[in-house]
Protein chains: 2
Amino acid sequence: MADAAPTATRTPIYLKVRDYLADDIQSGNLPPHTRLPSERVLAESHDTTRVTARLALSQLEAEGKIYRSNRRGWFVSPARLVYNPTYDYSFTDYVSAQGREPRTETLGVDLTAVSSWLAARTGLAPGQSIVHLRRRRYIDGRPVLVENIYLDPARLPGIERFDFNRSLWKLLRERYGVELTQKQIQMYPTALVDPQAEALSVSAGTAGLYVNRLSRDGNGRFIEFDEEFWLHDTLCITVDVNAS
Amino acid sequence: MADAAPTATRTPIYLKVRDYLADDIQSGNLPPHTRLPSERVLAESHDTTRVTARLALSQLEAEGKIYRSNRRGWFVSPARLVYNPTYDYSFTDYVSAQGREPRTETLGVDLTAVSSWLAARTGLAPGQSIVHLRRRRYIDGRPVLVENIYLDPARLPGIERFDFNRSLWKLLRERYGVELTQKQIQMYPTALVDPQAEALSVSAGTAGLYVNRLSRDGNGRFIEFDEEFWLHDTLCITVDVNAS
DNA sequence: TTGCTCATCTGGTATAGACCAGTTTTTCAG
DNA sequence: CTGAAAAACTGGTCTATACCAGATGAGCAA
């Protein structure tokens, strides 16, 4: 007889908490970058436990509506950056054009050997020297991606000495007269794991988007291979196609 | 003095369990669609609790290495489908070409009115009649996406009476002589929530990839708008660009 | 063989704590 | 006022347990 009560309330608690917060975000009560109440406060105010509150928060994180900052709290995600990987606009141009503030940080430049994986993807000879550039990029002060860029020093002599905190494509165009006319892009959602997760100050397993791009010049010659690891909530990819 | 022990073991338990399973998958010990040991067994064999075992499993799920089947267990993910949304190949062709078995299921066809959101995206008049088609698609028996397709009955008379379990694009080409020459594609990672999550038999919050595609004919006239909700571990998107 | 029941297995949801490691704020000595 | 130390707070990881609901398979009845 205890279960004679109406079974209408079949919605799990964590989904109610999720929807409660989602409404607050949707309505504009919680603008982007606002900090949410702490897990303990959320749990108490919904009369539940931290584990359940975290379930709700993880749901919103998976939807891209909130993000976490290590041991600082949960924050409302800003709008996604609209990003068209087929265009030759630089990250800086994109971000600025959408009213946001871009920043690029070079994490390291070194000369390394082409791995067998990279060789298979690019057609370069395994073991040949290649310039490896690592960068971290920010939008409005939040790190949103890290990337590995591979450039052929034989094709681009002296490339390792430039300032990589600015647009690489502009550099290629202006200093080397290179136009990137053929691109092969691959991308898929996956979790960020450790070298990248740490570089973005997120915990391992945070949802991400992996994008790589192989660029050649008009003669089909290798110019650049770029691997980007994005936080999954930061971008919306667009592609326009006009078939012949 | 208790902490005089070497602090080498700073790796959380759930990451060890994750790596243990990842190795087993990587090495081929656990081929695609194999069921993993149950959470209770995993917890016991790693001398920990179910909560921690679930953390490890969630990590692998986020990476796309395993998937869950509602209350049946955790399974090894098969390879991602390579999918090029700019090409005119049908889902059926893609999947077959990669040695997998496609299946398409029509969930419903109805005549509805163009919503303001759809109008803004497509340029159609708000309120005008439109054919709404819902389908679910499978790879090797696993449901991997649900989609909403909107077609203009004025442009495609009688469209609602065809068999949608086959390729829509072939139908458009063969019965209506329509070629889809302009496409605008948007996509971003997000969680699957309820109408879609339920249709795919996954729990709300499962990671997904949202893709939409607006197609026009050679004259720029609206033909189709398609919204796809994919399980995030099922595909790898590729795009080729040849700039002029 | 077919179809049903039922026990058993699975993951899904939830409670109630605990300690740790960073971050932020407060406090207080100088 | 300044700067360093301490306290208070945050999420991160973890234990131990409970009950529920859907999936599965064994066993049995027709």
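What you are looking at is a predicted structure, and each value in this text was computed from that prediction instead of being measured. Numbered from 1 within each chain, the chains take letters A, B, ... in sequence-line order.
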Roughly how many Å is it from [atom1] in [X] to [atom2] in [N], rounded to a whole number?
X: B:R68; N: C:dC9; atom1: CZ; atom2: C1'; answer: 17 Å
X: A:Y14; N: C:dA14; atom1: OH; atom2: P; answer: 7 Å
X: A:E39; N: D:dC9; atom1: CD; atom2: C1'; answer: 12 Å
X: B:L55; N: D:dT15; atom1: CG; atom2: P; answer: 10 Å
X: A:L36; N: D:dT10; atom1: CG; atom2: P; answer: 12 Å
X: A:Y67; N: D:dG12; atom1: OH; atom2: C1'; answer: 19 Å
X: B:F75; N: D:dT24; atom1: CZ; atom2: C1'; answer: 11 Å
X: B:L42; N: C:dG11; atom1: CG; atom2: C1'; answer: 12 Å

(request) Remember a base hit wins even if backbone is also touched, and classify A:R40 as base, sugar-phosphate or nothing at under 4.0 Å, heavy atoms. (result)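 It contacts base atoms.
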(request) Remember a base hit wins even if backbone is also touched, and classify A:S69 as base, sugar-phosphate or nothing at under 4.0 Å, heavy atoms. (result)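 The residue A:S69 makes no contact with any strand.
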(message) Quiz question: by atom type and distance under 3.5 Å, do the side chains of A:R137 and A:T104 form a donor-acceptor pair?
(response)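 Present: a donor and an acceptor within the cut-off.
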Are OP1 or OP2 of [N] and a side-chain N or O of [X] less than 4.0 angstrom apart?
X: B:R71; N: D:dC20; result: no
X: B:T48; N: D:dT15; result: yes
X: A:T49; N: C:dA16; result: no
X: A:T52; N: C:dT15; result: yes
X: B:R72; N: D:dG22; result: no
X: B:R54; N: C:dG11; result: no

(message) If I take atom CD1 from residue B:I25 and atom CG from residue B:L30, how far apart are they, to the nearest 0.5 angstrom?
(response)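 Between atom CD1 of B:I25 and atom CG of B:L30 there are 6.0 Å.
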(message) Looking only at the side chain of B:R50 (C-beta and beyond, no hydrogens), which of the listed nucleotides D:dC19, C:dA14, D:dC14 gets closest?
(response)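 When the side chain of B:R50 is considered, D:dC19 is the closest of D:dC19, C:dA14, D:dC14.
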(request) For the side chain of A:N70, starting at C-beta, report the closest nucleotide among D:dT15, D:dG12, D:dT10. (result)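 Closest nucleotide among those given: D:dG12.
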(message) Does atom OH (A:Y89) have a neighbourhood of more than 12 heavy atoms from anything else shown, all under 6.0 Å?
(response)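 12 or below, so no.
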(request) Please work out whether the ring planes of B:Y20 and B:H46 are parallel, tilted or perpendicular, with thresholds of 30° and 60°. (result)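 Answer is perpendicular, since the angle exceeds 60°.
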(message) Tell me whether the rings of A:F229 and A:Y210 are parallel (<30°), tilted (30 to 60°) or perpendicular (>60°).
(response)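 Tilted.
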